[in-house]
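One structure is given below, encoded as structure tokens.
So you know, we letter chains A, B, ... as the sequences are listed, proteins then strands, and number each from 1. Worth knowing before you read on, the calculation uses all heavy atoms, side chains too, and leaves out hydrogens, waters and symmetry mates.
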Amino acid sequence: MADVMSMEDIRATAARLNVDLSSLDLDSIRLPAGEDFGVISDDEDLKKDESLEFEEGFGNIIVVDNLPVVPKEKFEKLEGVVRKIYSQIGVIKEDGLWMPVDPDTQKTLGYCFIEYNTPQEAELAKEKTNGYKLDRSHIFAVNMFDDIEKFMKVPEEWAPPETKPYTPGENLQKWLTDEKARDQFVIRAGSDTEVLWNDARQSKPELVYTRTYWTESFVQWSPMGTYLATVHRQGAQVWGGATTFSRLMRYAHPQVKLIDFSPGERFLVTYSSHEPSNPRDTHRVVINIFDVRTGKVMRDFKGSADEFAIGGTGGVSGVSWPVFRWSGGKDDKYFARIGKNVVSVYETETFALIDKKSIKVENVIDFSWSPTDPILALFVPELGGGNQPARVSLVQIPSKEELRQKNLFSVSDCKMYWQSNGDYLAVKVDRYTKTKKSTYTGFELFRIKERDIPIEVLELENKNDKIIAFAWEPKGHRFAVIHGDNPRPDVSFYSMRSGTNTGRVSKLTTLKGKQANALFWSPAGRFIILAGLKGLNGQLEFYNVDELETMAQGEHFMATDVEWDPTGRYVVTAVTSVHEMENGFNVWSFNGKLLYRILKDHFFQVILVRPRPPSFLSPEKEEEIAKNLKKYSKKYEAEDQDVSMLLSEQDREKRRMLKEEWERWIGEWKRLHEEEKLERQKLRDGEASDEEEEYEAKEVEIEELLDVSEEVISFD
Amino acid sequence: MRPILMKGHERPLTFLKYNRDGDLLFSCAKDHNPTVWFADNGERLGTYRGHNGAVWSCDISRDSSTLITGSADQTAKLWDVKTGTPLFTFNFDSPARSVDFAVGDQIAVITTDPFMGLTSAIHIKHIARDPDDRMAETGESVLILKGPQGRINRAVWGPLNRTIISAGEDTVIRIWDSETGKLLKESDKEDGHKKPITSLSKSADGSHFLTGSLDKSAKLWDTRSLKLIKTYVTERPVNAVTMSPLLDHVVLGGGQDASAVTTTDHRAGKFEAKFYDKILTEEIGGVKGHFGPINALAFNPDGRSFASGGEDGYVRLHHFDPDYFNIKL
């Protein structure tokens, strides 16, 4: 601020200018508009500090309306009731409860103000008691004091919203039309986030877009690859566009920790948790559901962390993500969450519970959606010490009709795996042995698409084998299981169809003693990678399940992550910064040929390959293409050849240049060396300098007589 | 050919040096005894006893008669190669790190570490031609250069003994005038190493030199202009570098920091001597074997064998198979 003049200075100046101060009304002096002589007015100062004022404003005050109007005698009683209700939620400040009284009638006005110590408490009180029924005719309406002003501003008359002229957006799916049909992937290393083309022909990635400090925690593609979401302290953002990445939308959610897209990319769920500032408060979480395109909050959920803990009674602390699970398919019609003894299913038209109530399921601890149909699979553990069996049931939404149910006995744990088309559901069941000392594992296989949903039980040949990993073939009928003991477990492949009989599961093969602990099917099926990550140092085996043969074996030392591209042509293996060294990634072809490797220090995030939306081709058309692949592939093979020719040409050219440059260096050095020859000789006292010393090697034979002795040998 | 394993040191190796004829190999280690070996079959010829601290480096005169060693016992010693008797001792106030004879073997450059408040320094010493005169010498430095921060890991002579090239912990390569002691050139900040330089090795004709650094790279420089010519990128800190006098190959040695070795898989260490094409800067291959970081590398002047010395206390002597000489990239 400019120097402040004291009154003394003003008097002195006035005396100097011969102005009689007493005859002057300072307040009547008006500066011309827009002129401030460089002195910032106090009002402007205030404006600047507005945000600050907000902090210490009335955020901790709430207004409770719809209280009973009582005469003076009952004032104390009402105050006591209100105080009792609100002091349960937080600490009301001293003199923080004020119930105004009509001065004429001495009656209360039917509302009161309550001041808490913290805005958090006020917020909580608002949420908890808004709609609180004191009695039939008095339902509390609670608002933040700060909001009152906002409500006052609402104009009395409705004005039609301005219609903005339509501006055509960018083609967000431009990347799919890449001439070379390449895929994109995003990496995070150091402070940079880069989006790259995987250019396998050139054996190197090509940069699409890079940005420093693009995100504060992580990035994520939307399920169909249209958007790239970045996460910041203030909220999440999505990026996309035809040629580069520009910001498409922001979603304000302070302290956001996790995000999740609905499978059809229509909605974005954001999550934040707020550690309690004092131990008596509960751990609070906030979840917002945004419409991706408009950025509008469709629904928000707030509550304590316990309410959102999956498994309810399961004793799981914290929140398991995603809290809301979306039903399959592109329509994003339903989403659900699990609560204590209930599963709440919401539908996205109104963002309300279906039939306005949750599905009651006693003790439910896990559920999952079919990836394609609105079918829920629920798991209820054993109850009453085994008197009531554990249960897996399939529920149709929105009818809430139970399609199939299976009771299971002496179950310790249960996991559900859906096949990607929703054709099959595998339930991995860990059962106790008779002694209850150990467990063994079996599978219950549901055929969802068949009449009455037949269930088949599959047990491994060696029942005591531990199951290390399980994976369905995407869009297929096969699955792979890693079972046995580390470090060399077995890998088995099963098919849901056997040669003639389509209704039975059959084993295809078992591979003995593989160094693997994770399975990665190609998104196109048929190929699978048996990977030994982390403890197994990054062993990779590329296996063809059609032919039942190993195509290749590889190793990406210390690899932590494996990811297929959505077309099933390439595989990326990466070492992220969980390890100090070797950070970087390798790109392989589907059959296990190492194409290229890139090393990056501080490689934070797993490579994420940009997903693609599902193909529009009908299955018949796809089959036709597969049949005539030779015809189609010709063109691409020719292109491949051209590229490799060009590459080797460029490579040769580059090498030639380097060699030539080197020759020039050598020539120059030789010349200088020659020039200095005499001087060097002088330094060595004239000894024939350098290597020029001529000597010839002579072979000298030296015979040495060690000992001579004579012996008489008799001929017997 | 199978490498020859030479076990003569009890502590990690620090330096290796062939004589000009390539028939003798001198090794220095953190135990106190520099050792000489037959470079052909790895047979031990003898040790030079007298130091009382780790020996950091050595150099051998052109006629293979005199050996100079620099040691952590704050001395540099001249030895009679044949008999193993110490000829003269230069005393310093801090450990001597790097030693290098000039062309003509009449002067030597010795670097000393920062120690007890003393800064690091480069000393230029006169060495008498006649062994008898040596006893009469004072060991006074002809010139002392100071300035670089931290340890100076290597200082060698430039062409015609006119310059001295130094490199060390402050990542800068410097060229000094050996007459006046003036700083002539410093390596470019942009081009230069990002972490301490651990090693420096001259080409056979002294026209260019190679530096290895903990920033996981090695760089090739022009001796006269100090211009960066090539950069070789690797996956591990580089402790030792050398160049083939015969082919356009450079060899980098190093590996994971010794303190992390026991906590990771042996393959994580990458204790390999890595061969690169000098011109194309592409990796050709690697020689495995050490079970600790490689601290020292030296090429036989005939280019047909090389030796590596590791933290594990072994010297490995590798004679190349005929295939090596036909490598085509």
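Contact of A:Ile666 with chain B is not made at all, since no heavy-atom distance falls under 4.5 Å. Looking at B:Leu220, only its side chain comes within 4.5 Å of chain A, counting heavy atoms on both sides. Of the two parts of A:Glu661, only the side chain, counted from C-beta on, holds a non-hydrogen atom closer than 4.5 Å to a non-hydrogen atom of chain B.
Here the straight-line distance linking atom CZ of B:Arg162 with atom CD1 of B:Ile164 works out to 14.0 Å at 0.5 Å rounding.
Between A:Phe542 and A:Trp588, the ring planes are tilted. Angles from 30° to 60° get that label.
The closest side-chain donor-acceptor pair between A:Arg680 and A:His673 falls under 3.5 angstrom.
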**OP:** Could you go through the salt bridge (charged side-chain N to carboxylate O under 4.0 Å, His left out) check for A:Glu675 and A:Arg671 one step at a time?
**Re:** CA-CA 6 Å; A:Glu675 277 173 17; A:Arg671 194 179 58 75; 2.6 Å; yes

